[in-house]
Amino acid sequence: MGYLVLIGDIVNSRRLAERGLVQKRFKAACQQVNERRKDYKVASPLMVTLGDEFQGVLSSPQALWRVISTLELALFEICQLRFSVGVGEISTALNSRSSLGMDGPAFYLAREGIEALRRRDGLYAVTGLTDGQRLVQYALDLWAANRRKWNYNRMYTFNRLLHGESVPDIAAELDLTEQAVYRTRRDGELDTVIGLLQEISALMAREIQP
C-alpha cells in the first residue's frame with residue numbers, strides 16, 4: 001500500500017514581521033488537523049520540523065485538499081503556505097505517533113516537490129503519478145494563480161464546500177446572504193476547482209491502492 005507524504009512550509013517566512021507569532025499559529029493549525037486525524041485520514045501526524053515547515057502522512061487522497069485548505073484558512077490573514085505531495089511507498093515502518101524518522105520514495109518525492117516550488121515560487125505540487133503527471137502540475141499551477149487572488153470569504157467558502165457544508169450554513173457562519181455566497185462560489189469557479197481536485201485525487205488513489 002502506498003501513502004501520501006505531505007510537506008508544507010511558510011512562504012518567505014524569514015521576511016515576516018511577527019515570525020514567532022506566525023510559527024505559533026502554524027503549529028496550532030497542524031495540531032487542529034491532528035486532533036481530527038480520523039476525519040482527515042492522517043496516518044502519521046503533521047509535525048513541525050524546522051519551525052517553518054511540517055511533514056505528515058495521509059492514507060486517503062480524498063482528504064488531502066480538506067487538510068490543505070484547513071491549514072490555508074487558519075493562516076490566511078497572516079501568511080501564505082505552499083504544499084508538496086509525494087505519492088508512493090514508505091520504506092520504513094509506518095509510525096502512527098510521529099512522522100519523523102520515516103523514509104522512502106514518497107518522502108523523497110515530497111522533498112523534491114517542495115524544493116521545486118521554492119525555486120519557482122509555486123504553491124502546490126503532486127509528484128509520483130504514473131499517468132498525467134505534467135498535466136496535473138500545469139492544472140495545479142493554474143489553480144495557484146487563481147488562488148492567490150482569493151479573499152478570506154472565498155477561502156472560507158471553498159473550505160466549507162470541501163467539507164460538504166451547505167450554502168445556507170456557510171452564509172450564516174459568514175453573516176452573509178445566501179446570494180453573496182453563491183456569487184463567491186460562481187466568481188471563484190469553486191465547483192470547477194473542486195472537480196479538478198477530485199480528479200487529481202482519483203489519479204493518486206490509483207497509485208496507492210494495494
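Residue numbers start at 1 and run along the sequence shown.
Between atom CD of residue E53 and atom CZ of residue F26 there is a gap of 8.0 Å, rounded to the nearest 0.5 Å. The distance from the CD1 atom of I68 to the OH atom of Y124 is 7.0 Å, given to the nearest 0.5 Å. Distance CD1/I208 to OG/S59: 7.0 Å, rounded to 0.5 Å. Atoms CD and OH, on E77 and Y152 in that order, are 6.0 Å from each other to the nearest 0.5 Å.
One hydrophobic cluster, built from ILVMFWY side chains closer than 4.5 Å, holds both Y182 and L162. In the hydrophobic cluster analysis, where Ile, Leu, Val, Met, Phe, Trp and Tyr join through side-chain heavy atoms closer than 4.5 angstrom, I114 is grouped apart from Y108.
Taking 4.5 Å as the limit, every side-chain heavy atom of L203 sits out of range of all side-chain heavy atoms of V87. When side chains are defined from C-beta on, F83 does not count as touching V67, because their heavy atoms never get closer than 4.5 Å. Side-chain atoms of F107 and Y3, non-hydrogen and from C-beta on, never get closer than 4.5 Å to each other.
Side chain to side chain, T70 and Y40 meet the donor-acceptor criterion of an N or O pair below 3.5 Å. With no hydrogens or angles considered, no side-chain donor-acceptor pair links S98 and N95 at under 3.5 Å.
For Y156, there are no ring pair (Phe, Tyr, Trp, His ring centres under 6.0 Å) partners two or more places apart in sequence or in a different chain. Remark: R66 pairs with no residue by the salt bridge (charged side-chain N to carboxylate O under 4.0 Å, His left out) rule, at least two apart or across chains.
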Kindly list each side-chain donor-acceptor pair under 3.5 angstrom involving residues 4-12, sequence neighbours excluded, with atom names and distances?
unit_1, atom_1, unit_2, atom_2, d
D9, OD1, R82, NE, 2.7
D9, OD2, R82, NE, 3.4
D9, OD2, R118, NE, 2.8
D9, OD2, R118, NH2, 2.7

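In the displayed structure, Q80 atom CD is contacted under 6.0 Å by more than 12 heavy atoms of other residues, nucleotides or ligands.
Judged by distance alone, with hydrogens and angles left aside, the side-chain atoms of E72 form no donor-acceptor pair with the main-chain N or O of M155 at under 3.5 Å.
A74 and A29 make their closest contact through CB-CB, 3.8 Å (heavy atoms, listed as atom of the first residue, atom of the second, distance).
A salt bridge (Lys or Arg N to Asp or Glu O under 4.0 Å) check over residues 20-37, counting only residues at least two apart or in different chains, returns the pairs R36-D39. Residue pairs meeting the salt bridge (Lys or Arg N to Asp or Glu O under 4.0 Å) criterion with at least one member in residues 97-106, sequence neighbours excluded, do not occur.
The residues D141 and R120 are annotated as salt-bridged, a charged nitrogen and a carboxylate oxygen being separated by less than 4.0 angstrom.
Applying the 4.5 Å side-chain rule to ILVMFWY residues, one finds M47 in the same cluster as L100.
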